[in-house]
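The residues of the chain are indexed from 1 along the displayed sequence.
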Amino acid sequence: MSRAIGIDLGTTNSCVATLVEGRPIIVPNSEGGRTTPSVVTFTADGQRLVGAAARRHVNHPAHTITSIKRFMGRQWDEVTEEMAMIPYQVERGADDDVRIAIAGRQYTPPEISAMILQQLKTDAEAFLGEPVSDAVITVPAYFNNAQREATQAAGKIAGLNVLRILNEPTAASLAYGLDQAQEQTVLVFDLGGGTFDVSILDLGQGLFEVKSTHGDNHLGGDNFDQAIVNWMLAEIHRAWGLNLTADQGQVSRLRLIAEAAKVALSSKPSTQITLPFPNEGKPCLLDLSREKLNALTVDLLARMDRPVQQALADAGLASSDIGHVVLVGGMTRMPAVADHLRHLIDKEPQDGIDPDEVVAIGAALQAGILAGAIKDILLLDVTPLSLGIETRGGIFTRLIARNTSVPTHKTHTFTTAEDGQTSMEFRILQGESEMAAFNKTLGSFRLDGITPARRGLMEVDVSFDIDANGILHIHAEDITTGNGRQIRIEGGAVLSEAEVTRMTEEAEVHAGDARRLHDLAEARNLAEILADEIERSLSVQRDRIEACHEAALEDQIRRLRDALKNDEASEIRTRIQGLTEAAQVLIKGAHGATRKTKSRENVP
């Protein structure tokens, strides 16, 4: 295996690390920087620039691509908020995916990301003086199948052999925990340019086990920058009567100024902003204080609460159980962010490693583990949301529960729901509600060629496999015929970043409704199966049971079918009980009638 590198492919900046003599080091880029802006620009003379050189082309915002990570694996109808924060042209692809339009050509987000990865690869090879082909690339813990596959595709386009797609919080825990032998519970707080993750891990004796993960993939430094931009636009209009909202060039410049002001306020209480437009020979100045920035972003800070609390709840822990808090991502340098976390956890965060570099260092360590250079470390990651299939009545049948360690394999047997059924349609879902309607559809597939038979007799095994990259593979097989179907959830698996939090919240809000609907669906399914089976048995044994028993059964079947016209699970279950009791009489009556018949037949 050739030298492997670890890559933190970030929304705002990216970073590369590798092992040298068993220790991780940051690989500097061609300009000597330890991080590389995740920016690509296309110049008028046909050049393609990446990194700091691209970022300097602020005067060409329509040709300069920033924050491409926000579009990875996304569908067109899920990027409304992102559209408001970018100056370049985004178009709808033929498959309802996202395309970047530059100089009459469309690029996919993986293609743009590959350009960044290619530059990182080139810089690493120049620094190390040898070819680089293998890489571990990190992603937010809440990246779904499509986003992870898009990241894999970007690596492949860039000429990299992607050894592993690794969750960013897990990478950070590796970086902090390698030299700590004692057992401990760590909370990793990762607020980057475009995403927010919280993970809780148990570390000790070479074992890194993720207990839970939660987050908001729609929250990051871009949102804080946008809040400052909106304030500046309003102040400019108020003070100078200028409306710059529609001027993409000016807005792009303001976005860079906003980021610089945000960084400045991490180390001082106030900063003066010089605006990039003439004012009768006088400079246009705005004063922004740290206190004002906190007020502008109070809603963004509040959005951190729920992921932290949910991660603790999923791990079955209280904040007092946390031994260490690890900060990841440049946004954790904002004093209000760290203060907010201290309020939530009541513990001083670790700050021994640069938050912009810690993920890349962890990725390099994981690359070393996979290459065999580091031994005696076992890393167990988890899947963030439950996965399952919709079954009769709209029920969500879980195959893999959230926070299950990956890789994992689960198999469940399903039966036909109708007489003579020759195919089965499977809808794959992700979420926490008991009802399919409240969860996210990842995709669907159809298994044909099932032998026609009475419902419930033909069985199909469905297996869910989540690999070490967190990507879902599904296999369905007709047990009788061996006919099978292998699929991999791809484009249809896009999980809107805003939906991740929404789905978990709605699962709780609608928990009562979901339980009621689940109970009703189960009762209806049982009632229909029972009524059909009793009717079938009755038609076969009609000549062997007494008339009173036959009439009682028919009456109970009629009562049950009447109950099915309503949506009252309790009434349906009462009628199920009545029909079940009558069926016991049927069995006894049938046996008794049989003995009497034989006795009469034996009379000479």
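- Under the 4.5 Å side-chain criterion, counting only non-hydrogen atoms from C-beta, Arg485 is not in contact with His475.
- Annotation: side chain of Val462 is not in contact with side chain of His412 (no heavy-atom distance under 4.5 Å).
- Minimum interatomic distance between Val308 and Leu187 (heavy atoms only, all atoms of both residues): CG1-CD1, 4.4 Å.
- Here the side chain of Thr397 pairs no donor or acceptor atom with the backbone of Gly388 at under 3.5 angstrom.
- Distance CD1/Ile165 to CD/Gln147: 12.0 Å, rounded to 0.5 Å.
- The pair Glu149-Lys156 fails the salt-bridge criterion, with no side-chain N (NZ, NE, NH1 or NH2) lying under 4.0 Å from an Asp/Glu carboxylate O.
- Here the side chain of Asn483 pairs a donor or acceptor atom with the backbone of Asp448 at under 3.5 angstrom.
- For the atom pair CD of Glu111 and CD1 of Ile68, the computed distance is 10.0 Å after rounding to the nearest 0.5 Å.
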### Message
Checking Leu370 against Asp134 for the side-chain contact (heavy atoms from CB on, under 4.5 Å) test, could you report, in this order, the C-alpha distance in whole Å, the side-chain angles of both residues, the deciding distance, and whether it holds?
### Response
CA-CA 10 Å; Leu370 295 175; Asp134 297 327; over 6 Å; no
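- Shown here for Phe438 and Ser433, the closest heavy-atom pair between the two residues is CD1-OG, 3.2 Å.
- In this structure, the ring of Phe196 has its center less than 6.0 angstrom from the ring center of Phe189.
- In this structure, CZ in Arg56 is found 11.5 Å from OG1 in Thr41, a value given to the nearest 0.5 Å.
- A donor-acceptor contact closer than 3.5 angstrom is absent between the side chains of Glu125 and Thr122.
- A donor-acceptor distance shorter than 3.5 angstrom exists from the side chain of Asp197 to the backbone of Ala141, with no hydrogens or angles considered.
- Inter-residue side-chain proximity for Thr18 and Val16 is flagged as unmet; no heavy-atom pair is nearer than 4.5 Å.
- Panel note: side chain Asp478, backbone Gly482; no donor-acceptor pair is recorded below 3.5 Å.
- With no hydrogens or angles considered, a side-chain donor-acceptor pair links Arg446 and Ser423 at under 3.5 Å.
- Looking at Glu432, its side chain does come within 3.5 Å of a backbone N or O of Ser386 through a donor-acceptor pair.
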### Message
Using the rule given for side-chain contact (heavy atoms from CB on, under 4.5 Å), can you reason through Leu9 versus Ile116, listing the C-alpha separation, both sets of side-chain angles and the distance that settles it, and then say yes or no?
### Response
CA-CA 8 Å; Leu9 184 60; Ile116 300 169; 4.0 Å; yes
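- To the nearest 0.5 angstrom, His63 atom NE2 is 9.5 Å from Thr43 atom OG1.
- Ile200 is listed as a side-chain neighbour of Leu312, based on a closest heavy-atom distance under 4.5 Å.
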### Query
After noting the C-alpha distance and the side-chain angles of Phe143 and Lys69, does the key distance pass the side-chain contact (heavy atoms from CB on, under 4.5 Å) rule?
CA-CA 11 Å; Phe143 255 28; Lys69 186 173 177 178; 4.0 Å; yes
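- To the nearest 0.5 Å, atoms OG (Ser38) and CD1 (Ile112) are separated by 12.0 Å.
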### Trace of the side-chain contact (heavy atoms from CB on, under 4.5 Å) decision for Ile428 with Phe445
CA-CA 8 Å; Ile428 315 304; Phe445 69 96; 3.8 Å; yes
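- In this structure, Val139 and Asn167 have side chains that are in contact, with non-hydrogen atoms separated by less than 4.5 Å.
- In this structure, Gln310 contributes its side chain and Pro307 its backbone to no donor-acceptor pair below 3.5 Å.
- When all heavy atoms are compared, the tightest approach of Asn439 to Gln430 is CB-O, 3.5 Å.
- Of all heavy-atom pairs spanning Ala315 and Lys211, the tightest one is CB-CB, 4.0 Å.
- The six-membered or imidazole ring of Tyr107 lies away from that of Tyr88, with a centre-to-centre distance of 6.0 Å or more.
- Between Asp216 and Arg303 there is a salt bridge, since a side-chain N of the basic residue sits under 4.0 Å from a carboxylate O of the acidic one.
- Asn161 and Ser133 share no donor-acceptor pair across their side chains, judged by distance under 3.5 Å alone.
- In summary, the side chains of Thr36 and Ser14 do not present any donor paired with an acceptor at a separation below 3.5 Å, with no hydrogens or angles considered.
- Taking the charged nitrogens against the carboxylate oxygens, Arg92 and Glu78 have no contact shorter than 4.0 Å, which rules out a salt bridge.
- Thr35 and Asp356 form no side-chain donor-acceptor contact under 3.5 Å, judged by distance and modelled atom types alone.
- Donor-acceptor pairing under 3.5 Å is recorded for the side chains of His409 and Thr411.
- Side-chain contact, Asp222 with Gln226: no donor N or O sits under 3.5 Å from an acceptor N or O.
- Donor-acceptor pairing under 3.5 Å is lacking for the side chains of Arg99 and Gln89.
- Thr195 has its side chain out of reach of Leu219: every pair of non-hydrogen atoms, C-beta onward, lies at least 4.5 Å apart.
- For the pair Val358 and Pro355, the tightest heavy-atom approach, listed with the atom from each and the gap, is CG1-O, 3.6 Å.
- Using a distance-only test at 3.5 Å, with no hydrogens or angles considered, no donor-acceptor pair links the side chain of Arg105 to the main chain of Ala101.
- In summary, Glu390 and Arg398 do not engage in a salt bridge, as defined by a charged side-chain N under 4.0 Å from a carboxylate O.
- Distance check, rounded to the nearest 0.5 Å: CG of Leu166 to CD1 of Ile7 gives 12.5 Å.
- Looking at Asn223, its side chain does come within 3.5 Å of a backbone N or O of Gly220 through a donor-acceptor pair.
- The heavy-atom pair separating Ala363 from Gly6 by the smallest distance is CB-CA, 3.6 Å.
- Residues Val39 and Thr64 form a side-chain contact, since some pair of their non-hydrogen atoms from C-beta on lies under 4.5 Å apart.
- A donor and an acceptor atom, one from each side chain of Ser266 and Arg333, are nowhere located under 3.5 Å apart.
- Side-chain contact check for Thr11 and Ser67: no donor-acceptor pair (N or O, by modelled atom type) lies under 3.5 Å.
- Looking only at side-chain heavy atoms (C-beta outward), Val328 and Leu191 stay at 4.5 Å or farther from each other.
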